[in-house]
Number of protein chains: 2
Amino acid sequence: MSTAPTKTKSRGKGRVTLEDIAKLLNISAITVSRALNSPEKVSDKVRIKIETAVSELGYIPNRAAKSLATNRTNTIAVVIPSISNTVFSNVIKGIYDVCTPADLDVLFANTYYSTQKEESLIAKLLTQHPDGIIITGLDLSDKSKKLLNNAAIPIVQIMETGYKDPIDMNVGISHFGAGKMMGEYLVARKYQHIGFIGAQMDFRSQRRMSGFLTALNNAGLEATDYILTTKAASSVKLGGQLIADILTTHPQIDAVFCNNDDIAYGAIYECQRRQLQIPQQIAIAGFNDLDASACINPSLTTIKTPLYEMGSTAAQLLVKRIKNQPIDNTCIDLGVELKARDSA
Amino acid sequence: MSTAPTKTKSRGKGRVTLEDIAKLLNISAITVSRALNSPEKVSDKVRIKIETAVSELGYIPNRAAKSLATNRTNTIAVVIPSISNTVFSNVIKGIYDVCTPADLDVLFANTYYSTQKEESLIAKLLTQHPDGIIITGLDLSDKSKKLLNNAAIPIVQIMETGYKDPIDMNVGISHFGAGKMMGEYLVARKYQHIGFIGAQMDFRSQRRMSGFLTALNNAGLEATDYILTTKAASSVKLGGQLIADILTTHPQIDAVFCNNDDIAYGAIYECQRRQLQIPQQIAIAGFNDLDASACINPSLTTIKTPLYEMGSTAAQLLVKRIKNQPIDNTCIDLGVELKARDSA
DNA sequence: ACATAAAATGTTAGCGCTAACATTTGGGGT
DNA sequence: ACCCCAAATGTTAGCGCTAACATTTTATGT
């Protein structure tokens, strides 16, 4: 009845194994393994025979078996709040671009901005015994920290730095500093009623706001009235709603710092609809300097964050540690840059 | 000298194993395994002892060993052109939201829109022996197809459908149909000189253009003069450049279909800078209906594509096949919707 | 031709887990 | 007290690969 090849092996889907190749060529499995993993240790004659057989039989190595035997997985885990956020797509690209040539697989997990999910996710990720882990933020629960410490693998915490000591390594920027920078810029521009709108108010957004308010306070401005934030997910649409709301309650506002560029785009569009001149009647500033920020009208004054570099630098640190190479600095602040454009 | 716990085992990082827990409690490893994987098979008394020990010792199961023993990985692989593209972030979210509750890990690979990379990536992914695979597009090289067929796992091809037969399952939309739909809409609106600009002209973009041109031809319009495309990566900035270029060479153009919303945003911004009234002097249309498209001024006429649904539906098909559940339709067209807004 | 090192290949065992079967234990029912 | 069956637990072996050591083959110098 069946046309499927009947194997004598009790379990297994009948995939081609090293053993199969070895038997076919009348050599031992370890020679086949060596031909594939360290070809210089095998004579050319045998190596070529093996390579031919491998390609003819369509042999595909089994990573699980390799991992079990070597106690290495060639995988790193990445824990981020949201994969569908443009900010993190850039970070991820940086991670990929470093890991791919280093032959490291990347496993992602989304926390959806939930500390609780973070714990279970970390536990689940560790199940894969990754060779290293990249995790967003410095605020980890004690349980998460314990899990990570027990894993005894290199860890890089990314996105922010300076706020508290990392578990292991750290690559990021100072969000407090970045917020303060923008606050000081708007103060220097003589705006009188400076507001703040923000969505997805995670720890880093809160610190940006905190730095921002510090700058206003230092300048003797009372800013606490002009704050409107939500924990809801950030979007362009929400930016429009937030600015609409804050302008309704506080029409005197003449400048707004948006906690990210998406919110700022929405704010700009809404102001346009209300025929408000930017920046003459109201100034708008953003955060991150996404691709579109230089193109929108008016071009957006924002803070450029090294998203791609945070990912690539973190991945480089991991690769070095995995390869036991020396690392001179395990705590890296990549800095930010204020892009003064037309909107503020 | 050393404070590290010296294990008798020759290899291994000294992680806690099932065996360790079993020895501690004077029971067998398989009972511990059962307590964790099918608790109903173990008496409450023993189960509770095990659970306590597991949590105290910080035991984390080893997936590699489990995979090797069960010949299942609980992992699916996803092959997409680019992870940093907003379009795919939405698709990915759909995949995640289905796979996470089904306890399936997701492994990503980027082809960067290169067929050649696709082949090596597929080979590398199969190394992990995923339980299923989601792959972008219907155009796969013979080598890729052979690899996938040999793997003997469920496969879902996503993003497009109808163009050619899938290897296994298929979830997507008709890009030709979507392009034609937009062409017919602009024709019905009596535009006379209708152009097309596009970046990242992959297979699907080409088919959108093809459908679009078919609609124009059917209406007796000559469109081939008003086409400007590039293989360069799509971006808002590039949208501005493309429309600038095509308006320089063909100032008579009165409507432009952009191959995606990013390009359309850039085109809108550039037209604003040139003081061109949209849609009075020039109409702009996009593709995908990203979040911002309803907010931008003027709001963008575009084609809404079921990005999230393509991801979630594909993942659902995979989950069903992995669990051997019946599937009624293995080839699903999710359809598109033309969002007529102010820009065209 | 022969000793000797180096290169190539092989043997054995075990990584941590679970499938399949084997055995023991614990409740009823009479 | 006895049997019977089901529930609970254990034993054995093997998934596919590679580390570590063992052995064979080949090249090199004299």
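Quantities reported herein were computed from a predicted structural model and do not represent experimental measurements. Here is how names work: the chains are called A, B, and so on, in the same order as the sequence lines, proteins then strands, and each is numbered from 1.
- As rounded to whole Å, 18 Å separates atom C1' of C:dC15 from atom CZ of B:Arg63.
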Check your understanding: When every nucleotide of nucleotides 5-10 of chain C is labelled 5' to 3' by its protein contacts under 4.0 Å (heavy atoms), B for base, S for sugar-phosphate only, - for none, what sequence of letters results?
Key -> ---SBB
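- Judged as a side-chain hydrogen bond (donor to acceptor under 3.5 Å, both in side chains), the pairs with a partner in residues 142-157 of chain B (not counting sequence neighbours) are, in order, B:Ser141-B:Ser144.
- In terms of phosphate contacts, B:Ser33 brings a side-chain nitrogen or oxygen within less than 4.0 Å of OP1 or OP2 of C:dT18.
- Taking atom CG on B:Asn71 and atom P on D:dC15, their separation rounds to 11 Å, with Å as the unit.
- Going from atom CG of B:Asn74 over to atom C1' of C:dC17 covers 14 Å, rounded to whole Å.
- Across the protein-nucleic acid pair, A:Leu36 atom CG and D:dG16 atom C1' stand 13 Å apart, rounded to whole Å.
- Remark: the B:Ser114 side chain and the B:Thr111 side chain contain no N/O donor-acceptor pair separated by less than 3.5 Å.
- Here D:dG16 presents its P atom at 10 Å from CG of A:Leu18, a figure rounded to the nearest Å.
- When each of B:Asn74, B:Thr75, B:Thr70 is tested with B:Arg72 by the rule side chain to side chain donor-acceptor pair (under 3.5 Å), just one qualifies, namely B:Asn74.
- The environment of A:Gln325 atom CD is dense: over 12 non-hydrogen atoms of other residues, nucleotides or ligands sit within 6.0 angstrom.
- Look at B:Asn62 and you won't find any side-chain N or O under 4.0 angstrom from OP1 or OP2 of C:dC15.
- Inspection of the A:Thr161 and A:Asn170 side chains reveals an N or O donor paired with an N or O acceptor under 3.5 Å.
- Here the nucleotide nearest the side chain of A:Ala69, chosen from C:dG14, C:dC17, D:dC15, is C:dG14.
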Exercise for review: Show your reasoning for whether salt bridge (charged side-chain N to carboxylate O under 4.0 Å, His left out) applies to A:Arg321 and A:Asp131.
Suggested key: CA-CA 10 Å; A:Arg321 276 282 280 278; A:Asp131 296 335; over 6 Å; no
